[in-house]
Amino acid sequence: MEEASKRALVIGGGIAGIQASLDLADMGIHVDLIEKKPCIGGKMAQLDKTFPTNDCSICILAPKLSECYRNLNITLYSYSEVQKVEGIVGNFSVEILKHARYVKEDLCINCGLCVEKCPMRVEDEFDRQLRKRRAIYMYYLQGVPAIMTIDKKNCLWFTKEACRICEKNCEKEAIDFNQKDELIKINNIGSIIVATGYNLIEDIDNDILKNYGYQKYRNVVTALEFERMLSASGPQEGHIKRISDGEEPKKIAYLQCIGSRTDRGAKYCSSICCMYTTKEAMIAHEHDNELESYIFYIDMRAGGKGFQSFLRRGEAEYDIKYIKSKIAEISIDKNESPIIVYEDLDTSEIKKLKVDIVVLATCIIPPEGIVKLAEVIGFELDDYNFIKTPPFSPVKTSRDGIFTCGCVHEPMDIPRSVAEGSSAAARAAEIIRGG
Amino acid sequence: MSEQEKKEDVRIGIFVCHCGSNIGGLIDCKALAEYAKTLPNVAHAEDNLFTCSETGLASIKKAVEEHDLNRVVVASCTPRTHEPLFRECISEVGLNRYLFNFVNIRDQCTWVHMKYPKEAYEKAKDLIRMGAYRAVILEPLDTIIVNVNPGALVIGGGVAGMHAALNLSRQGFKTYLIEKEDKLGGRLNSLYKLFPHDIDASEFVENIKNNVQNAQNLEVYTSSKLKNIKGFIGNYEVEVEQDGKKINLSVGAIIVAVGASLLKPNNLFGYDGKNRITQHELEPKIKNNEINANNIVMIQCVGSRNDERQYCSSVCCMTALKNALIIKEKKSDINITILFRDLYTPGIDYEEYYKKARKKGVLFIRYGLDKEPTVEGNQIKVYNEYIGEEIIIPYDLLVLSTPLIANDDNKELAQILKVPLEVNNFFLEAHVKLRPNDFATDGIYIGGSAKWPVDITESITQGYAAASRASTILSHETIEIEGATAYLPEWNKNLCKGCEVCINICPYNAIKKNEEDEIEIIEALCKGCGVCGAACTKKAIIIKHFTNEQILAEIYAFGGK
Amino acid sequence: MSYDIFLGCVIPARLPFLEASGRKVFEKLGIKLNDIEGFSCCPDPTGIEQIDHKTWLTMGARNLSLSKRGNGSIISFCSGCVETLKGVNYFMNKDNKVKDEINKILKKIGKNYDGKTNVKHFAEVLYENLNKVKENIVKPLEGFKVAIHYGCHYLRPSEIINWDDPFDPITIDEIIKTLGAESIDYDLKMECCGNPVEKSDMDLSLLMIDNKFKSIQQSGANCVALVCPACFQQFDFKQRELNKKNNSNYKIPIFYLSELVALAFGYKPEELGLKFHRVQPKTLLESLQFSAKI
Amino acid sequence: MSVINFKLRNQVIKHNASLSYCYQCSTCSGGCPVALLTQGKYNPRKIIEMAILGLQNKLIKEPNSSIWLCSTCQKCVELCPQKVELTEIFTLLKNKIFEDGKVPEAFLLQGQAILDSGIAIPYSKAIISRREKLGLPEIKTAPIKEIKLLLKETNFENKILKGSK
């Protein structure tokens, strides 16, 4: 048998993919890390804090992002997608489509002058549409690589052949409107790790959120939106405000299992919501220690390390009220304050609760593009389109030499994603080292 | 005397980080940077929204070059997570990594003084000034390079340990797997079927054992215990005792995968081991078709999620569901009632499994911690909060779901390895979030239920993960380790009176007496904790990077203003 | 196009004027309604079904078996009848054991039901023929601010009714808009009118409709449109009762959807028997320049 | 204090398996218009839990059971995340009460009317003349003999008689 080559390919630059890449690189194995978005970091970069330690998410993530960028054993392909995979375990070759940023990566120093001058205002994806960005933009403040990207769909030059103001203002002459998408071929890949993360149910068209007035009532937001609202670098710069009137909330209700554990959406449990909801309530409480929090749940699922104590702390120190009740629907009053009707199980009474903001813990769903990727690489998906893994081979896919980690195969929290990242790295290393 | 000590040559750059709003939200970072500029020897100061971002790092590098800086101070979060990054950054522009000083104005300032912004601002000024004064007399240090023994020791032959060992051996590392029982397999040996696919446990475990037995580079020692350990990352000398005889092994990394034990529910719910038994005792009965009950009641969270043992053991719900389903499959008209508090079936397969149990007619009744079920003769009384009254359930077999608890001998092992335990005596990892399978001590890793109760799937994940972490060390012929260690310089040797306080006090066994009866510090073992330096009555031992002068400079800077 | 008309009990025997507008509308649309001999009570899904499911299935299946002329297609002006007939279809087709059991009983009277009769609500047919409705409008209903009450059984259970969104329906709104009227949203639009609980708790039933009226009054609507005779009775009959009980002053005209369509088609109020409504729509109609003669 | 009755529980599940999927999340009770107005006196979730436990005394034997307050609006059925067919389960329970002869009078009266004439509302003279005036055709309803035969077969007649006693 031909000697296995010393390269690994990791698809997806979220925390799972990052951990897999760093472990492999630290083993001396060269890693090609592919990220679809302009910057690596994934969902973790969008979070404000992380449970159960309430560490600042980007603060603990940033060193890892930098490490990925600096490590000589990692070649980072951001804004890129895998197009084709050929070969067999131990020797794959892969074609990558690197999208044109229209910014020369080696010249851009992320000074921000172009952003300042760009006249276009576009919904910001990273901030979950809660803020506008420009047509030339950094994907997020702490993003890696720290390079601007021109969003072709919204750039005046590409849509109307006008403007080019960014070009005129760039002192480094880094803007290049003639840049083309690039096809890159990588050979000698021993093993591939798929870590393309997840989407949320609000990302796709659906009826489930309708009953909760999502996108109809401005003070009904999803958990990830709320996470951005909490974040210091988010659209509200760390001050929680109602979207309808900018008032600071005094009562917030968190609704669990939105679109999960139901025959009317996803049957599975989204795994992380019980915990992050408590975390969000704690952080919100830290913003305002008179704030009241209500968490409506079916089963509190807190099996991880320190999770139960975390819930106890939430109750005792942060005034969180846990109410076992799933909410049927939401209405609003004249001030656009959401009104929740629920049954108080202790008394069997049906109660009305008016709050200032409702936060929906929406269900994790498989990532966009997974069906195509499954075809390209040739692994099987389960009934929901998560990657299928055989019993007791948690990071293995149906195809030899292809591994997976993180939420792309099942909803999971960050520690498990990290462990799986390492785990996938170990399996890939076995193959690359001919074991 | 080195050149850097001459003050006129010292050019400090100070970077004040907003850390988003963690710092910037409370105190004025711009003003802090302006203040920093007024300090002696400071050639440049600026504030950044996130100094640790690639953009922030780029501005450090730019400033070093533009202002010819030879000291860098970052005032930000905590060295615990970010010091390596900034050190790496300045070394990329040619500065010695130890010419960096970290000033903690987040964890130790804005976070703890959240309600006092004015005072926090003043404290931040003090801290920055102290940092700048210390920076002046920082000295360049070399890191220490040590060889790595490409072998691994895995402690624990359960499912996590076996997978870790298999992986490492397949990666080509000589691996030793030690197990205290007389056979491999751990708790798997006593299980019947495994959720959520109801795979036969004995088949599954035999299969792995075969792989272990046939693996190259893998040596197994059963009935063996770790007795002693010497050395440091890359170079451990391990003493294992097997049936009374000593075996010495040399390895570069160690994995702890000792699993957990089951709580015996003595004095709980009338446990008698006969018709009031544990899930664990139920399994062989199912296997041997010894169930002759018509009404089975299972109680969850027996001895867990209470004040004594706060945690959720995370595997018991699935275990109960599994056993209920298997019984139902064998005889569908047996009534099975599960009394639970919150059903823990996260993810896809487990929730589906839960639903399957409902489909097969298993009855679920929720109870609260404040209203636990009571066993009275052949019936169980439980307060049903859903209808607000007590319900009577007749039973002829009561099954208690007890949690996984930390092994009795965890303490002993933790002492040998010098790794910490958490409050429940499970092993404590380096960082719950981002270093789930590392210990704070480099070179030692952790996986499986030794860290926290996990199911088989996750044990396997963690076994591999720990192997991966170990491999990041074992894959190198040499590694660099921290240069900021304790140090007995030639010129201080005459001060030492040989009192051995340092030897006795060193938690890492890094100090010994050599053949000439002189104190010798093994730098590779030293973590730079400083206790020896503090304890040395003659002030002979110097702690590099934390010299008395450097610390006094900080103190003077604070009080001298 | 033709359907066998299933009138049920309440409309022909208590509210025949609703039947009048219905028949006129379909005549105008050129959709033939065949009168069939021998229908019994559907029977009532909020009454008979609740006490004896089997009897409900059997009588319903008998009714369904009678529809042959319209290629086994039944239309009804009543949401309750529609739910029963669609429901009986649902249960019989879902489980062959049920079908066999019911047919065994039907055999005693020489009948058999194959489960194939198609059932439609009249609003369903109107919506399907919205273009035809539009073509026939001669007097658009300008100034009608309509609070639509869909009623539960027109929509739910959606698995059985299989028509429109169970919580966010559009069909009647579309018809109302097509007629040139305005559909006014109100908070309790999707709430139950309370008619079925009349049998066990009259006060509760009154409370439910009272809340609806309050919500409608707040909305600025000047009339109500609905498609179910049970709802009609609840809305039209209970206003006086509430006024007496609570000193309120409800005078909200209640229209059957077919009545509004007929008015838009140019039928005169007097042809439709609008005078038989308990809450007289006269003032409203006058103010909107519809013939005053009722 | 009530004792679990597996027999009744299993009967209901056999008739409608969706009962076993209820995890008591209270979406139904929180969304129920009658529960809201009766302040939980009528509570669909609670009735379902009683069915899950097979509490015969509370479900069948108790006179004036709150189950009759269900307006059959089917909102709970549409909302239930587990697709538990609440209304159908309630129907089954009410049918059992009917067998036991304990239904509210209004239901009996409607049943009696059907038994007597095959229709719920007999045609009065006034209505017949009103129909004529409105130009509506004469209605020929079901032959009563046929209906009577059917209602005997389904045992409806006996149950009505039992209830009327």
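Chain A is the first sequence line, chain B the second, and so forth, proteins listed ahead of strands; every chain is numbered from 1.
Nearest approach of Cys89(B) to Arg70(A), heavy atoms of both residues: CA-NH1, 4.1 Å. A pairwise comparison of heavy atoms in Glu54(B) and Ala146(A) identifies CB-CB, 3.8 Å as the closest pair. Shown here for Thr55(B) and Asn110(A), the closest heavy-atom pair between the two residues is OG1-ND2, 2.7 Å. The two residues Ala426(A) and Gln171(B) make their nearest non-hydrogen contact at O-NE2, 3.9 Å. The nearest pair of heavy atoms linking Leu141(A) to Leu49(B) is CD2-CD2, 2.9 Å. Across all non-hydrogen atoms, the minimal contact from Leu434(B) to Met44(A) is CD2-CE, 4.0 Å.
Under the 30°/60° scheme for interplanar angles, the aromatic rings of Phe392(A) and His197(B) are found to stand perpendicular.
Heavy-atom distances place the side chain of Asn437(B), and not its backbone, under 4.5 Å from chain A. Tyr350(B) does not touch chain A: none of its heavy atoms, backbone or side chain, sits under 4.5 Å away. Using a 4.5 Å cut-off between heavy atoms, Gln310(B) touches chain A through backbone and side chain atoms alike. Using a 4.5 Å cut-off between heavy atoms, Leu168(B) makes no contact with chain A at all. For Cys52(B), the parts sitting under 4.5 Å from any heavy atom of chain A are the backbone and the side chain alike. Contact of Phe86(B) with chain A is not made at all, since no heavy-atom distance falls under 4.5 Å. Looking at Ser59(B), there are no atoms closer than 4.5 Å to chain A (heavy atoms on both sides), in backbone or side chain. In this structure, chain B has a heavy atom under 4.5 Å from the side chain of Gln19(A), while its backbone stays farther away. Contact annotation for His431(B): only side-chain heavy atoms (C-beta onward) come within less than 4.5 Å of a heavy atom of chain A. Contacts between Lys49(A) and chain B at a heavy-atom distance below 4.5 Å involve the side chain alone, from C-beta outward. For Asp307(B), the parts sitting under 4.5 Å from any heavy atom of chain A are the backbone and the side chain alike. Using a 4.5 Å cut-off between heavy atoms, Phe50(B) touches chain A through its side chain atoms alone. Using a 4.5 Å cut-off between heavy atoms, Glu92(B) touches chain A through its side chain atoms alone.
Ranked by heavy-atom pairs shorter than 4.5 Å toward chain A, the options Glu351(B), Glu429(B), His163(B), Arg305(B) are led by Glu351(B). Top candidate by heavy-atom pairs under 4.5 Å with chain A, chosen from Ile348(B), Leu474(B), Thr457(B), Val423(B), is Ile348(B). By number of non-hydrogen pairs under 4.5 angstrom with chain A, the leading residue of Thr472(B), Leu57(B), Ile473(B) is Thr472(B). The candidate from Arg80(B), Lys355(B), Gln462(B) with the greatest count of non-hydrogen atom pairs under 4.5 Å with chain A is Lys355(B). Among Gly347(B), Ser459(B), Pro436(B), the residue with the largest count of heavy-atom pairs under 4.5 Å with chain A is Gly347(B). The residue among Met114(B), Arg366(B), Glu352(B) with the most heavy atom pairs within less than 4.5 Å of chain A is Arg366(B).
Inspection of the Arg427(A) and Ser468(B) side chains reveals no N or O donor paired with an N or O acceptor under 3.5 Å.
Identified by a heavy-atom distance below 4.5 Å to chain A, the contributing residues of residues 445-456 of chain B are Lys451(B), Trp452(B), Ile456(B), in residue-number order.
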With a 3.5 Å cut-off and sequence neighbours excluded, list the donor-acceptor pairs that the side chains of residues 382-389 of chain A form with protein atoms.
unit_1: Asp382(A); atom_1: OD1; unit_2: Tyr384(A); atom_2: N; d: 2.8
unit_1: Asp382(A); atom_1: OD1; unit_2: Asn385(A); atom_2: N; d: 3.0
unit_1: Asp382(A); atom_1: OD1; unit_2: Phe386(A); atom_2: N; d: 2.9

Under 3.5 Å, side-chain donor or acceptor atoms of residues 232-240 of chain A against the rest of the protein: list the pairs with distances, not counting sequence neighbours.
unit_1: Ser233(A); atom_1: OG; unit_2: Ser231(A); atom_2: OG; d: 3.3
unit_1: Gln236(A); atom_1: OE1; unit_2: Lys241(A); atom_2: N; d: 2.8
unit_1: Gln236(A); atom_1: NE2; unit_2: Lys241(A); atom_2: O; d: 3.0

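For the side-chain contact (heavy atoms from CB on, under 4.5 Å) test, residues two or more places apart in sequence or in another chain that qualify with Thr110(B) are Ile23(B), Leu26(B), Ile27(B), Arg106(B).
The 12-atom threshold is not exceeded at CG of Leu72(A), counting heavy atoms of other residues, nucleotides or ligands nearer than 6.0 Å.
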Practice prompt. Please lay out, stage by stage, how Met138(A) and Ser53(B) fare under the test side-chain contact (heavy atoms from CB on, under 4.5 Å).
Written response: CA-CA 12 Å; Met138(A) 244 319 264; Ser53(B) 69; over 6 Å; no

